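Owing to the predicted nature of the structure, the values given are computational and were not obtained by experimental measurement. Numbered from 1 within each chain, the chains take letters A, B, ... in sequence-line order. The analysis underlying the following values was restricted to heavy atoms, covering all of them including side chains, and did not include hydrogens, waters or symmetry mates.
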Amino acid sequence: MEPIYITTPLFYVNAEPHLGSTYTMVITDTLARYYRAQGYETFYLTGTDEHGDKIAQVAAEANVPPKEFTDRVSAAFRSIWDDCGITYDYFIRTTDADHVRFVQEILSRVNESGDIYFGKYGGLYCFGCERFYTEKELRDGKCPDHLVKPTLIEEENYFFRMGKYQDRLREHIETHADFIRPEGYRNEVLGMLREPIGDLCISRPKSRLTWGIEIPFDDRYVTYVWFDALINYASALKQRGEEFFRKFWPEAQHFIGKDIVKPHGVFWPTMLMAAGLPLYKHLNVHGFWTVEGQKMSKSLGNTVAPLEIRARIGMDAFRYFLLRESVFGQDPDFREEALITRYNTDLANNLGNLVSRVLAMQQKYFNGVVQPLGSEWATEDKQLHDKFAQAENDLHGHMAELQFHRALETIWSALDHANRYIVQTAPFTMIKDPAQQSRVGEVLHHLLEVIRTLSRVLVPFLPDTARELRELLALPDGKETLNAPWGQGFQAGHKINAPKVLFPRIETEAKK
RNA sequence: CGCGGGGUGGAGCAGUCUGGUAGCUCGCAAGGCUCAUAACCUUGAGGUCCCGGGUUCAAAUCCCGGCCCCGCAACCA
């Protein structure tokens with residue numbers, strides 16, 4: 001099995017985690033957990049992007065040195081992801097000494113191979129944005145961001161011969177259909193490549209900005225933030241040694257939001273080509289959440305704080321909503337009503353209640369002791385088993401295509417089947433007839449296998465719930481218990497625990 | 001202008017890549033069950049899959065044309 005390498009964008013430390021960044025983390029965490037559970041060797045990276053003028057400014061306003069400022073914010077990010085149960089393997093910071101060294105190494109290498117040149121560049125520059133503008137981009141001659149007139153400056157900088165690699169990149173994308181996915185974003189990048197991409201200015205004079213990585217061959221300059229930040233994906237592996245790098249790098253899968261397609265789809269691969277490194281495997285681009293149909297923005301004040309939702313409904317339920325309610329690549333909508341409905345319907349009524357009724361009967365009828373299965377299974381028993389086997393099988397295909405909503409849909413359709421199975425077999429009626437006691441025991445045994453199966457397949461999506469299910473079944477932690485074939489999950493005389501309400505229903509005002 | 005996304009029963013959506021009886025949740029109507037978190041199960045009403053052409057034995061799905069809606073200043077995934 002090939003190794004799996006998953007990355008998130010590095011979060012820029014002048015913002016706070018919100019629904020969008022949480023979504024990225026939940027998707028990648030789900031995938032990382034999924035692959036780990038399948039036995040793949042997995043490396044999952046996140047971190048913070050800490051250089052650049054904006055950060056230097058905010059730090060100055062707070063009257064602390066930039067490094068101290070980023071230490072603080074970076075730690076805050078980290079602790080939020082920890083609180084959300086995100087299982088990243090490594091948290092990189094672009095201020096890490098190892099990273100700085102590697103960026104400089106790449107710069108030197110690219111410089112030596114002749115792909116960096118020193119040149120004069122004149123243009124309209126906005127100091128607020130730290131970038132040049134073309135006439136076309138301006139609004140009434142002003143920077144659309146800061147609403148100030150850009151300054152005409154002419155300065156000398158270092159440039160990366162990005163244009164040189166344009167054709168090679170286009171060819172790569174054309175011959176590798178899943179290099180950038182979903183397809184819409186691949187087309188978008190191909191669109192960018194239809195026009196000349198030009199060269200990339202990769203330095204900033206220290207006279208304007210000092211908070212960055214120094215250009216190794218000219219101490220008057222620091223590195224442009226994107227050139228610095230993108231390299232993190234490689235430097236995080238390098239820090240663990242050459243062998244580690246060689247093993248994971250070619251398997252890299254980047255997950256990003258649609259706003260940063262260009263740096264990842266154009267800058268980064270051409271940089272890799274110039275540095276003589278293999279290209280990443282996939283660039284996976286997701287959409288932007290809207291909130292109640294509106295664009296999410298700080299000025300509208302409709303941002304969603306992850307820890308707040310977590311406090312209200314729990315992280316598992318939050319994860320469920322994000323994964324079930326979105327289609328990867330599209331712009332999903334975060335609606336309060338949908339959040340509650342999903343919670344009550346799928347989690348409380350279908351999953352929670354199923355577990356509850358099964359464990360209650362097991363307790364009531366057999367004092368919690370699992371009853372033996374007969375050698376022959378009834379037709380409905382086989383169907384129940386087959387339904388789950390099929391679901392688990394289909395799930396793999398959906399995960400490979402990042403179709404999280406379908407993966408969950410598939411599991412829930414099997415879960416519905418289990419609820420139906422209870423009504424069809426009606427153990428609560430049979431139990432009244434002493435002659436049918438053993439059949440009731442079998443039916444409940446199959447239903448416990450359902451719960452055990454759920455505790456396995458839900459691991460990536462609802463990790464806490466999966467663990468709780470296993471604990472309710474009084475099974476030890478470990479793959480052997482989870483992966484045992486259907487019918488062989490419980491030892492003779494095994495006793496399970498009493499039911500527990502996993503997802504208390506949320507009563508809305510209207511229903512009270 | 002251009003680029004991207006979307007138009008599917010009352011609401012919100014999936015399905016479109018890989019054509020083959022139109023699916024999910026909510027809501028509505030009727031019924032069943034009583035193990036369970038007033039949960040669960042069954043049945044029903046409700047759809048010109050935006051419009052018009054084309055390809056095909058067969059189109060929500062592929063091709064062509066058109067209409068309408070949303071996004072493309074920033075924060076930001």
> Does A:Arg194 pair with A:Glu188 as a salt bridge, N-O distance under 4.0 Å?
Replying inline: no
> Tell me: CZ of A:Phe288 to P of B:rA74, nearest whole Å?
Replying inline: 10 Å
>> Is the ring pair A:Tyr280/A:Phe179 parallel, tilted or perpendicular, if the boundaries are 30 and 60 degrees?
In response: parallel
>> Taking only the C1' atom of each, what is the distance from B:rG52 to B:rC40 in whole angstrom?
In response: 48 Å
>> Checking A:Phe267 now: which residues fulfil ring pair (Phe, Tyr, Trp, His ring centres under 6.0 Å) with it, not counting sequence neighbours?
In response: none
Distance-only donor-acceptor pairs under 3.5 Å for side chains of residues 384-391 of chain A, two or more places apart:
from: A:Lys387; atom 1: NZ; to: A:Ser413; atom 2: OG; distance (Å): 3.4
from: A:Gln390; atom 1: NE2; to: A:Asp394; atom 2: OD1; distance (Å): 2.9

>> Counting distance alone, no hydrogens or angles: does the base of B:rA39 have a donor or acceptor under 3.5 Å from a partner atom on the side chain of A:Asn349?
In response: no
>> Just to be sure I understand the rule, does A:Ile260 reach a base, reach only the sugar-phosphate, or reach nothing, if contact means heavy atoms closer than 4.0 Å?
In response: sugar-phosphate
>> My understanding is that a pair needs two contacts under 3.5 Å, Watson-Crick or G-U wobble. By that rule, which nucleotide pairs with B:rA29?
In response: B:rU43
> Counting only Watson-Crick or G-U wobble pairs whose two distances fall under 3.5 Å, which nucleotide matches B:rC17?
Replying inline: none
> Looking for any heavy atom pair under 4.0 Å, which part of the strands does A:Gly287 touch: base, sugar-phosphate only, or nothing?
Replying inline: base
>> Side chain of A:Arg505, heavy atoms from C-beta onward: which of B:rA39, B:rA14, B:rU42 has the nearest atom to it?
In response: B:rA39
> Under the salt bridge (charged side-chain N to carboxylate O under 4.0 Å, His left out) rule, what pairs show up with a residue in residues 345-354 of chain A, not counting sequence neighbours?
Replying inline: A:Arg342-A:Asp346
> In residues 426-445 of chain A, which residues come under 4.0 Å of RNA chain B by heavy atom?
Replying inline: A:Phe428
>> Expressed as a whole number of angstroms, how long is the span from A:His398:NE2 to B:rC17:P?
In response: 14 Å
>> What's A:Val355 touching, base or sugar-phosphate or nothing? Going by heavy atoms closer than 4.0 Å.
In response: nothing
>> Using a 5.5 Å cut-off between ring centres and planes within 30 degrees, is A:Tyr23 stacked on the base of B:rA77?
In response: no
> Side chain of A:Pro9: nearest nucleotide among B:rU18, B:rU37, B:rA77?
Replying inline: B:rA77
> Got a sec? Which of residues 330-340 of chain A come in under 4.0 Å of RNA chain B, heavy atoms?
Replying inline: A:Gln330, A:Arg335
>> What is the separation between atom CZ on A:Phe11 and atom P on B:rC75, rounded to the nearest whole Å?
In response: 16 Å
> For A:Tyr185, what residues pass the ring pair (Phe, Tyr, Trp, His ring centres under 6.0 Å) criterion, not counting sequence neighbours?
Replying inline: none
> To the nearest angstrom, how far is A:Met25 atom CE from B:rC76 atom P?
Replying inline: 17 Å
>> Run the salt bridge (Lys or Arg N to Asp or Glu O under 4.0 Å) test against A:Asp83 and tell me which residues pass, sequence neighbours left out.
In response: none
> Whole-Å distance between B:rG15 P and A:Glu401 CD?
Replying inline: 11 Å
>> In whole Å, measure the gap between the P atoms of B:rG23 and B:rU48 for me.
In response: 15 Å
>> Distance check, rounded to the nearest 0.5 Å: A:Met361 atom CE versus A:Ile422 atom CD1?
In response: 4.5 Å
> In chain order, what residues pass the salt bridge (Lys or Arg N to Asp or Glu O under 4.0 Å) check against A:Asp29, with sequence neighbours excluded?
Replying inline: A:Arg33, A:Arg319
> So what's B:rC3 paired with, Watson-Crick or G-U wobble, going by both distances under 3.5 Å?
Replying inline: B:rG71
>> Looking at B:rC72, I'd like to know if its phosphate oxygens (OP1 or OP2) sit under 4.0 Å from a side-chain N or O belonging to A:Lys258.
In response: no
>> Does anything in residues 302-313 of chain A form a salt bridge (charged side-chain N to carboxylate O under 4.0 Å, His left out)? List the pairs, not counting sequence neighbours.
In response: A:Arg312-A:Glu336
> Which nucleotide, in any strand shown, forms a Watson-Crick or G-U wobble pair with B:rC24, with both distances under 3.5 Å?
Replying inline: B:rG12
> Atom OH of A:Tyr365 to atom C1' of B:rA36: distance rounded to whole Å?
Replying inline: 10 Å
> Base, sugar-phosphate, or nothing: which does A:Gly257 touch, judged by heavy atoms less than 4.0 Å apart?
Replying inline: sugar-phosphate
>> Test of understanding: with ring pair (Phe, Tyr, Trp, His ring centres under 6.0 Å), list the residues that count as partners of A:Tyr365, not counting sequence neighbours.
In response: none
>> Tell me which residues in residues 185-192 of chain A lie within less than 4.0 Å of RNA chain B, going by non-hydrogen atoms.
In response: A:Glu188
> Rounded to the nearest Å, what distance is computed from the CG atom of residue A:Leu415 to the C1' atom of nucleotide B:rC24?
Replying inline: 15 Å
> A:His99: what forms a ring pair (Phe, Tyr, Trp, His ring centres under 6.0 Å) with it, not counting sequence neighbours?
Replying inline: none
> Would you call the rings of A:Tyr34 and A:His396 parallel, tilted or perpendicular if under 30° counts as parallel and over 60° as perpendicular?
Replying inline: tilted
>> Classify A:His18 by what it touches in the nucleic acid, base, sugar-phosphate, or nothing, heavy-atom distance under 4.0 Å.
In response: base
>> What's the closest nucleotide to the side chain of A:Thr345 if the choices are B:rU37, B:rC26, B:rC76?
In response: B:rC26
